[in-house]
Amino acid sequence: MTTTPRSPRLLLLSTVLLSVVGVAVLGVPHGQEQPVPAPRPHATTAPPAAATVPPAAKPTANADGPATSAASTLSSVESALPPHGEGAAGDPAVQRNLEASWPADLPSIDERELLATGRALLRADATGIGRAKWPAVFPASAQAVAPAFAPAGFRIQAAIARRDGGPDKALVHLVWAGMDRGGTFTDLRITDWYFIRTLKKGAPTWTPQPRT
């Protein structure tokens, strides 16, 4: 079998044609190229968006906090008090406990006047001695009532005088012990007397208020 040799002219023409096609392909703009399909991502669990994350809960007051604190304070106060029936030896501890738990807020001259009057009022109320000095506090009908406590067993264990909501109001807080008419002795009793500041003969004085 014989073959006809190709013409050099034909080879030259083919070479030129291929060159033109190659130039045309290279000259196509990138925007017109067919996009290559991106590989599909594997299925993953996306993290929640920031807006969907629940905000952290605000700190709230511990419901047990205040109760625990109050219980601790009460426990410390009770431990500072002497046991019942210890006698006069335990009275200084009662006084210190009152002063520590209720700081002074009155001028010393007012505090002394209030304490003296408050002590006398308590003695008159419990034992009946000296009630006539305060007819507004102990009316005639009250003075006729037999005293509930014997003078011999009566003892004031501690007392403080403090403001009562204003500069012209005060109270005297007293802790005392006494034996009632039935012969029962009890200490750490509590009585409060309330006072208002008035003018008496042009001078300010603390006036006790009747018991209500």
Side-chain angles (χ1 to χ4, degrees), residues 61-62 64-138 142 147-180 185-212:
N62 185 356
D64 296 333
T68 303
S69 176
S72 300
T73 303
L74 181 59
S75 177
S76 63
V77 169
E78 289 178 345
S79 63
L81 293 176
H84 286 280
E86 183 167 338
D91 293 351
V94 181
Q95 182 67 41
R96 288 193 300 269
N97 182 69
L98 282 183
E99 294 174 352
S101 60
W102 199 345
D105 57 5
L106 282 167
S108 58
I109 186 172
D110 291 332
E111 187 173 5
R112 286 193 299 269
E113 178 185 347
L114 286 163
L115 285 174
T117 306
R119 289 172 179 271
L121 281 167
L122 176 58
R123 181 177 294 276
D125 187 35
T127 66
I129 300 174
R131 288 183 181 179
K133 185 178 179 180
W134 296 281
V137 178
F138 304 107
F149 292 87
F154 176 82
R155 184 177 88 255
I156 296 176
Q157 299 179 264
I160 56 172
R162 299 295 185 261
R163 293 186 187 275
D164 183 37
D168 294 326
K169 294 182 179 181
L171 68 86
V172 177
H173 184 77
L174 303 111
V175 182
W176 56 284
M179 182 178 296
D180 62 24
F185 180 85
T186 308
D187 58 358
L188 298 179
R189 292 176 175 270
I190 295 175
T191 295
D192 288 331
W193 288 101
Y194 293 87
F195 294 78
I196 59 172
R197 183 165 21 210
T198 59
L199 290 177
K200 187 175 183 180
K201 297 181 179 180
T205 186
W206 291 100
T207 302
Q209 301 302 292
R211 304 286 292 272
T212 57

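This one's a predicted model, so the numbers in the text were calculated from it and none came from an experiment.
Taken from CH2 in Trp176 to CG in Asp187, the straight-line distance is 11.0 Å, to the nearest 0.5 Å. With values rounded to the nearest 0.5 angstrom, Ile190 atom CD1 is found 10.0 Å from Leu174 atom CG. Here Thr207 contributes atom OG1 and Ile196 contributes atom CD1; the two are 6.0 Å apart, rounded to the nearest 0.5 Å.
Residues passing the side-chain contact (heavy atoms from CB on, under 4.5 Å) test with Asp164, sequence neighbours excluded: Lys169, Leu171, Tyr194. Looking at residues two or more places apart in sequence or on another chain, you find no side-chain hydrogen bond (donor to acceptor under 3.5 Å, both in side chains) involving Trp193. Under the rule for a side-chain contact (heavy atoms from CB on, under 4.5 Å), the partners of Arg163 that lie at least two apart in sequence or sit in another chain are Asp105, Leu106, Pro107, Pro167. Every residue two or more places apart in sequence or in another chain that forms a side-chain hydrogen bond (donor to acceptor under 3.5 Å, both in side chains) with Gln95 is listed here: Glu99. The side-chain contact (heavy atoms from CB on, under 4.5 Å) search around Pro135 returns none, not counting sequence neighbours. In this structure Asp180 satisfies the side-chain hydrogen bond (donor to acceptor under 3.5 Å, both in side chains) test with no other residue, sequence neighbours excluded.
Pro92 and Ala89 make their closest contact through CD-O, 3.5 Å (heavy atoms, listed as atom of the first residue, atom of the second, distance). Shown here for Gly128 and Pro147, the closest heavy-atom pair between the two residues is N-CB, 3.8 Å.
Within a 6.0 Å radius of CG in Leu199, other residues, nucleotides and ligands contribute more than 12 heavy atoms.
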Name each donor-acceptor pair under 3.5 Å that joins a side chain in residues 111-118 to protein atoms two or more places apart or in another chain, with its distance.
unit_1 : atom_1 : unit_2 : atom_2 : d
Glu111 : OE2    : Arg162 : NH1    : 3.2
Glu113 : OE2    : Thr205 : OG1    : 3.1
Glu113 : OE2    : Trp206 : N      : 3.1
Thr117 : OG1    : Glu113 : O      : 3.0

Can you give each donor-acceptor pair under 3.5 Å made by side-chain atoms of residues 119-127, sequence neighbours left out, with the distance rounded to 0.1 Å?
unit_1 : atom_1 : unit_2 : atom_2 : d
Asp125 : OD2    : Arg211 : NH1    : 3.2
Thr127 : OG1    : Arg123 : O      : 2.5
Thr127 : OG1    : Ile129 : N      : 3.4

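The ring pair (Phe, Tyr, Trp, His ring centres under 6.0 Å) pairs that include a residue from residues 99-132 number zero, where partners must be two or more places apart or lie in different chains.
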